[in-house]
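In what follows, a structure is listed as structure tokens, so that the remarks can point back to it.
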2 protein chains.
Amino acid sequence: MNIENADPPSGRKSGWKQNPEAVRQDILHAAIAEFAEKGLSTARVDDIAAKTKTSKRMIYYYFDDKQTLYEHALEAAYAQVRQGENALQLDHLSPQDALAKLVAFTFDHHRNHPDFIRMVMIENVHHAETLAKSEAIQKLNIPVIEKLAAICTRGQADGIFRTDVDPTVLHWQISALSFFNVSNRPTFSALFGDQLFAEAGQAALREQVVHMVLASVYKSKDRP
Amino acid sequence: MNIENADPPSGRKSGWKQNPEAVRQDILHAAIAEFAEKGLSTARVDDIAAKTKTSKRMIYYYFDDKQTLYEHALEAAYAQVRQGENALQLDHLSPQDALAKLVAFTFDHHRNHPDFIRMVMIENVHHAETLAKSEAIQKLNIPVIEKLAAICTRGQADGIFRTDVDPTVLHWQISALSFFNVSNRPTFSALFGDQLFAEAGQAALREQVVHMVLASVYKSKDRP
DNA sequence: CCCCAATTTAACTCTCCAGTACAAAATCCT
DNA sequence: AGGATTTTGTACTGGAGAGTTAAATTGGGG
């Protein structure tokens, strides 16, 4: 879908053969899918190769080994998802509305990017060893907190938010609810049924989550 | 710590040699530790054996293969944790206090049983395939919901809780916040620092979590 | 005390799979 | 064109680790 061998229009970046950048991307997408599906050690390089337009040999050509490939795949997964988040425009909204929109957006966004969630789950299983080494990923996460900090500041200036709201805590809350919804769906629905994960259930949960987070930042007297 | 080879006081259950039940338990504990630490496929049977008083061959003697051992380890992990929960007595408390206590307890309990959390994480990475097959585990989870349902009923009878509170949703909320706190600590602290996971931070988070959950069940007019 | 069934030990096999050796294209440079 | 360099295909290797073979040990019942 991405590359056509007929007339490469603007590709051929690094002054060399057929668009190496596109090949890298192709491999990374396949790798994300495989790692997200199976986990780091269960993932098979041969299976990643099979999902690719290219071969196993090429994977080792572009990325040195499985671990390196995993690092790049993790980075790519973060980049893609955070990029989507950065597109959100909240400045024109009141602090309450901005926060509500951010929470609802995050809930949906996580739901729409299960592969990303699963990469993070896997990273947590591995004690975040890879993530801890990647400065690139750490930089990608600064804007999330900044966005929340701006909302907090405005909300406090308006006298509506509690004075002790903490952007990091807020992010923890939003993440916890939105992340768990995707990460623990398998066990939760195996134990308690999957009604909550059908459309109606999810809509209700999103509502709940938005309310919970908003309630936690309001001063008591201002609660709607 | 559990077994002494000096005078087996009441052991020797199955009418045969040195307490096979104790050996099983020994293996299961080692297995839980190893699986929780490394994940299903990264875990090494040899390493489990090394943590045991017995040998690798014995593991295959008592449990047929790695997968079977994993199943039993998962079951044991659930049994242990749910048993701790069942000890909670809530009937003598008002619905609000009961719920608050249950939430705070769950938050702490999860925090104190990281191996259990990690087993569940791993199970989710594997799409809960093993959990889905275990009726034993599914039964273990009924009391949690029943306990919540009882609290909801009482709260509604008192006219304090909303009429549409749902025990399953409530459990989802409590679990999400308490689970994520343990499961995602590695990535979260790699990205945003580990202040939230130090004692003070955790105490504050627990407070927050209790408030959030309570707020979500109160009728608006009754919110404290 | 001797046999049998229940355990246990140690050494072994066999498969899977990450990673590689090697050489054949393909592309660019002059 | 022809040599240098980069890209790709094929077939292979080496090691790790799940699971096994087969013999030794133990305790109990007769």
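Bear in mind that the values here come from a model prediction, so they are computed numbers and not experimental data. Proteins come first, then strands; the chains are lettered A, B, ... in the order of their sequence lines, and each starts at number 1.
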>> Go through it in stages, so that I can follow the logic: the residues are Gln195(A) and Thr168(B), the test is side-chain hydrogen bond (donor to acceptor under 3.5 Å, both in side chains), and I'd like the CA-CA distance, side-chain angles, deciding distance and then a yes or no.
In response: CA-CA 10 Å; Gln195(A) 309 86 18; Thr168(B) 311; 6.0 Å; no

> Does Ser55(A) place a side-chain N or O at less than 4.0 Å from the phosphate oxygens OP1/OP2 of dG9(D)?
Replying inline: yes

>> Rounded to whole Å, please give me the gap between OH in Tyr62(A) and P in dG19(C).
In response: 19 Å

>> Can you measure Ile48(A) atom CD1 to dA18(C) atom P for me and round it to whole angstrom units?
In response: 8 Å

> If you look only at pairs with a residue in residues 198-208 of chain B, which of them pass as a side-chain hydrogen bond (donor to acceptor under 3.5 Å, both in side chains), with sequence neighbours excluded?
Replying inline: Gln173(A)-Gln208(B), Asp108(B)-Arg206(B), Arg111(B)-Glu199(B), Arg111(B)-Gln202(B), Asn181(B)-Gln202(B)

> At their closest point, which heavy atom of Leu69(B) faces which heavy atom of Phe35(B), and how far apart are they?
Replying inline: CG-CE1, 4.1 Å

> How would you list all residue pairs meeting salt bridge (Lys or Arg N to Asp or Glu O under 4.0 Å) that involve residues 114-123 of chain A, not counting sequence neighbours?
Replying inline: none

Please write out each protein N/O paired with an N/O of nucleotides 19-23 of chain D under 3.5 Å, distance rounded to 0.1 Å.
from    : atom 1 : to       : atom 2 : distance (Å)
dG19(D) : OP2    : Tyr60(B) : OH     : 3.4
dG19(D) : OP2    : Lys66(B) : N      : 2.9
dG19(D) : N7     : Lys56(B) : NZ     : 3.2
dG19(D) : O6     : Lys56(B) : NZ     : 3.1
dT21(D) : O4     : Arg57(B) : NE     : 2.9

> Looking only at heavy atoms, which two atoms of Ile122(B) and Tyr70(B) are closest? And how far apart?
Replying inline: CG2-OH, 3.8 Å

> Of the non-hydrogen atoms in Ala36(A) and Met119(A), which two are nearest, and what is the gap between them?
Replying inline: N-SD, 3.9 Å

>> To the nearest 10°, give me the bend of the helix from dC1(C)-dG30(D) to dT30(C)-dA1(D), comparing the axes of its five terminal pairs at either end.
In response: 0°

> For Met58(B) and dA10(C), what is the distance between atoms CE and C1' respectively, to the nearest whole Å?
Replying inline: 12 Å

> Is there a side-chain hydrogen bond (donor to acceptor under 3.5 Å, both in side chains) between Thr106(A) and Ser178(A) once you walk through the steps?
Replying inline: CA-CA 7 Å; Thr106(A) 302; Ser178(A) 302; 5.5 Å; no

> Checking side-chain hydrogen bond (donor to acceptor under 3.5 Å, both in side chains) for the pair Thr187(A)/Asn124(B): CA distance, chi angles, key distance, verdict?
Replying inline: CA-CA 6 Å; Thr187(A) 53; Asn124(B) 275 299; 3.0 Å; yes

>> Using 0.5 Å steps for rounding, measure from the CD1 atom of Ile145(B) to the CG atom of Leu170(B).
In response: 8.5 Å

> Does the separation of the ring centres of His171(B) and Phe188(A) fall below 6.0 angstrom?
Replying inline: yes

>> I need the CG-C1' distance between Asp47(A) and dC16(C), as an integer number of Å.
In response: 12 Å

> Looking at DNA chain D, which of residues 30-44 of chain B put a heavy atom within less than 4.0 Å of it?
Replying inline: Ala43(B), Arg44(B)

> Quick one: salt bridge (Lys or Arg N to Asp or Glu O under 4.0 Å) partners of Lys38(B), sequence neighbours excluded?
Replying inline: Glu34(B), Asp47(B)

> Once you round it to whole Å, what is the distance between P of dT7(D) and NZ of Lys53(A)?
Replying inline: 18 Å

> Roughly, in whole Å, what's the span from CZ in Phe63(A) to P in dA18(C)?
Replying inline: 16 Å

> Nearest-Å distance, CD1 (Ile59(B)) to C1' (dT7(C))?
Replying inline: 15 Å

